[in-house]
Amino acid sequence: MMPFIREYTNDEKLIDDVGKLKDKGISRDNVYVLTHDDDRTKRIATNADANTIGFSEQDFKNAVGNMFSKKGDELRSKLQEVGFSEQEAEDYEDDMDEGKVLLIVTNSSEVENILS
(Lines give C-alpha, C1' and ligand atoms only; values in the text may rest on other atoms or scores of the structure.)
Protein backbone atom coordinates (compact mmCIF):
# COMPACT_ATOMS: atom_id res chain seq x y z
CA MET A 1 0.00 0.00 0.00
CA MET A 2 1.29 3.41 -0.98
CA PRO A 3 1.77 5.78 1.96
CA PHE A 4 -0.48 8.82 2.28
CA ILE A 5 1.33 12.14 2.12
CA ARG A 6 0.19 15.73 2.54
CA GLU A 7 2.19 18.94 2.48
CA TYR A 8 1.67 21.71 5.02
CA THR A 9 2.86 25.27 5.40
CA ASN A 10 1.17 25.66 8.79
CA ASP A 11 2.57 23.54 11.63
CA GLU A 12 -0.59 23.96 13.75
CA LYS A 13 -2.81 22.62 10.94
CA LEU A 14 -0.60 19.54 10.67
CA ILE A 15 -0.76 19.02 14.45
CA ASP A 16 -4.57 19.31 14.33
CA ASP A 17 -4.75 16.78 11.50
CA VAL A 18 -2.57 14.30 13.41
CA GLY A 19 -4.99 14.66 16.32
CA LYS A 20 -7.92 13.85 14.00
CA LEU A 21 -6.12 10.74 12.75
CA LYS A 22 -5.43 9.50 16.27
CA ASP A 23 -9.04 10.23 17.32
CA LYS A 24 -10.16 7.94 14.48
CA GLY A 25 -7.86 5.12 15.56
CA ILE A 26 -4.84 5.62 13.31
CA SER A 27 -1.83 4.31 15.22
CA ARG A 28 0.93 6.75 16.14
CA ASP A 29 3.34 4.11 14.80
CA ASN A 30 2.10 4.89 11.27
CA VAL A 31 2.23 8.70 11.46
CA TYR A 32 5.42 10.55 10.48
CA VAL A 33 6.51 14.17 10.15
CA LEU A 34 9.37 15.26 7.91
CA THR A 35 10.88 18.69 7.22
CA HIS A 36 14.16 19.97 5.87
CA ASP A 37 15.25 21.01 9.38
CA ASP A 38 15.89 18.31 12.01
CA ASP A 39 15.02 20.59 14.94
CA ARG A 40 11.73 21.63 13.34
CA THR A 41 10.91 18.00 12.53
CA LYS A 42 11.51 16.94 16.14
CA ARG A 43 9.55 19.90 17.54
CA ILE A 44 6.51 19.28 15.33
CA ALA A 45 6.62 15.51 15.90
CA THR A 46 6.78 16.04 19.66
CA ASN A 47 3.91 18.54 19.65
CA ALA A 48 1.79 16.30 17.42
CA ASP A 49 2.81 13.08 19.20
CA ALA A 50 3.94 11.69 15.84
CA ASN A 51 7.10 9.94 14.65
CA THR A 52 10.12 10.94 12.64
CA ILE A 53 11.66 8.64 10.04
CA GLY A 54 14.59 7.18 11.93
CA PHE A 55 16.79 4.12 12.01
CA SER A 56 13.93 1.68 12.60
CA GLU A 57 12.20 2.76 9.38
CA GLN A 58 15.35 2.47 7.27
CA ASP A 59 17.47 -0.51 6.43
CA PHE A 60 20.86 -0.52 8.15
CA LYS A 61 22.87 0.35 5.03
CA ASN A 62 20.74 3.42 4.27
CA ALA A 63 20.64 4.54 7.89
CA VAL A 64 24.44 4.49 8.16
CA GLY A 65 24.83 6.07 4.73
CA ASN A 66 22.46 8.87 5.70
CA MET A 67 24.73 9.83 8.58
CA PHE A 68 27.31 10.90 5.97
CA SER A 69 24.96 12.24 3.28
CA LYS A 70 24.00 15.75 2.37
CA LYS A 71 20.63 16.77 3.79
CA GLY A 72 18.77 16.49 0.46
CA ASP A 73 20.16 13.01 -0.16
CA GLU A 74 19.18 11.97 3.36
CA LEU A 75 15.60 13.22 2.96
CA ARG A 76 15.16 11.55 -0.42
CA SER A 77 16.48 8.28 1.01
CA LYS A 78 14.05 8.47 3.95
CA LEU A 79 11.12 9.06 1.62
CA GLN A 80 12.13 6.11 -0.54
CA GLU A 81 12.42 3.90 2.55
CA VAL A 82 8.76 4.52 3.46
CA GLY A 83 7.55 3.73 -0.05
CA PHE A 84 7.95 6.63 -2.46
CA SER A 85 9.67 6.36 -5.83
CA GLU A 86 12.94 8.13 -6.55
CA GLN A 87 11.14 10.81 -8.58
CA GLU A 88 8.46 11.34 -5.93
CA ALA A 89 11.13 11.61 -3.24
CA GLU A 90 12.96 14.20 -5.31
CA ASP A 91 9.77 16.22 -5.85
CA TYR A 92 8.87 16.15 -2.14
CA GLU A 93 12.43 17.08 -1.16
CA ASP A 94 12.15 20.13 -3.45
CA ASP A 95 8.94 21.09 -1.63
CA MET A 96 10.68 20.76 1.73
CA ASP A 97 13.40 23.08 0.38
CA GLU A 98 10.61 25.66 0.13
CA GLY A 99 9.72 25.23 3.82
CA LYS A 100 6.87 22.73 3.54
CA VAL A 101 6.27 20.07 6.18
CA LEU A 102 5.25 16.56 5.17
CA LEU A 103 2.74 14.40 6.99
CA ILE A 104 3.21 10.77 6.00
CA VAL A 105 0.88 7.98 7.08
CA THR A 106 1.69 4.35 6.35
CA ASN A 107 -0.54 1.27 6.52
CA SER A 108 -3.89 3.02 6.41
CA SER A 109 -6.37 3.48 3.61
CA GLU A 110 -8.71 5.62 5.72
CA VAL A 111 -6.57 8.76 5.97
CA GLU A 112 -7.98 10.52 2.92
CA ASN A 113 -11.53 10.22 4.27
CA ILE A 114 -10.56 11.35 7.77
CA LEU A 115 -8.72 14.47 6.58
CA SER A 116 -11.12 15.50 3.81
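Just so it is clear, the structure is predicted and the values come from calculations on it, not from any experiment. Counting from 1, the numbers follow the sequence of the chain as shown. In what follows, every heavy atom counts, from backbone to side chain, and hydrogens, waters and symmetry copies are set aside.
Cluster membership for Y32 and V18, using ILVMFWY side-chain heavy atoms within less than 4.5 angstrom, is not shared. Linking Ile, Leu, Val, Met, Phe, Trp and Tyr whenever their side-chain heavy atoms come within less than 4.5 Å leaves Y92 and F4 in two separate clusters. When the side chains of ILVMFWY residues are joined at heavy-atom separations under 4.5 Å, either directly or via intervening members, L75 and I53 end up in a single hydrophobic cluster. Note: the hydrophobic cluster containing V111 does not contain L102 (ILVMFWY, side chain heavy atoms under 4.5 Å, direct or indirect links). By the criterion of side-chain heavy atoms lying less than 4.5 angstrom apart, applied directly or through intervening Ile, Leu, Val, Met, Phe, Trp or Tyr residues, Y8 is not grouped with M96; the two fall into different hydrophobic clusters.
We find that K13 and D16 are not joined by a salt bridge, their nearest charged nitrogen and carboxylate oxygen being 4.0 Å or further apart. Comment: K20 engages D17 in a salt bridge, judged by a side-chain N to carboxylate O separation of less than 4.0 angstrom.
Side-chain contact between E88 and M2: present, with at least one pair of heavy atoms (C-beta onward) separated by less than 4.5 Å. Taking the side chain as every heavy atom from C-beta outward, L103 and L21 approach each other to under 4.5 Å. No side-chain heavy atom of N30 sits less than 4.5 Å from a side-chain heavy atom of S108.
Nearest heavy-atom pair, P3 versus V82, reported as atom, atom and distance to 0.1 Å: CG-O, 3.0 Å. The minimum heavy-atom distance between Q80 and A89, with the atom names listed, is CG-CB, 3.8 Å.
A donor-acceptor pair is defined here as one N or O able to donate and one able to accept, closer than 3.5 Å; such a pair exists between the side chain of T46 and the backbone of K42. With hydrogens and angles ignored, the 3.5 Å screen pairs no side-chain donor or acceptor of K78 with any backbone N or O of T52. Formation of a donor-acceptor pair under 3.5 Å by the T41 side chain with backbone atoms of L34 is not found in this model. Using a distance-only test at 3.5 Å, with no hydrogens or angles considered, no donor-acceptor pair links the side chain of D97 to the main chain of H36. Not a single donor-acceptor pair under 3.5 Å links the side chain of R40 to the backbone N or O of V101.
By the 6.0 Å contact criterion, NZ on K24 is open, its count of non-hydrogen atoms from other residues, nucleotides or ligands being 12 or less. The environment of CD in E86 is sparse: at most 12 heavy-atom neighbours from other residues, nucleotides or ligands sit within 6.0 Å.
The CG atom of D73 sits 8.0 Å away from atom CD of E93, with the distance rounded to the nearest 0.5 Å. Between the CZ atom in R43 and the OG1 atom in T35 there is a gap of 8.0 Å [rounded to 0.5 Å]. Remark: L79 CG to E74 CD distance equals 10.5 Å, nearest 0.5 Å. If you take CD on Q87 and CZ on R76, they are separated by 10.5 Å, rounding to the nearest 0.5 Å.
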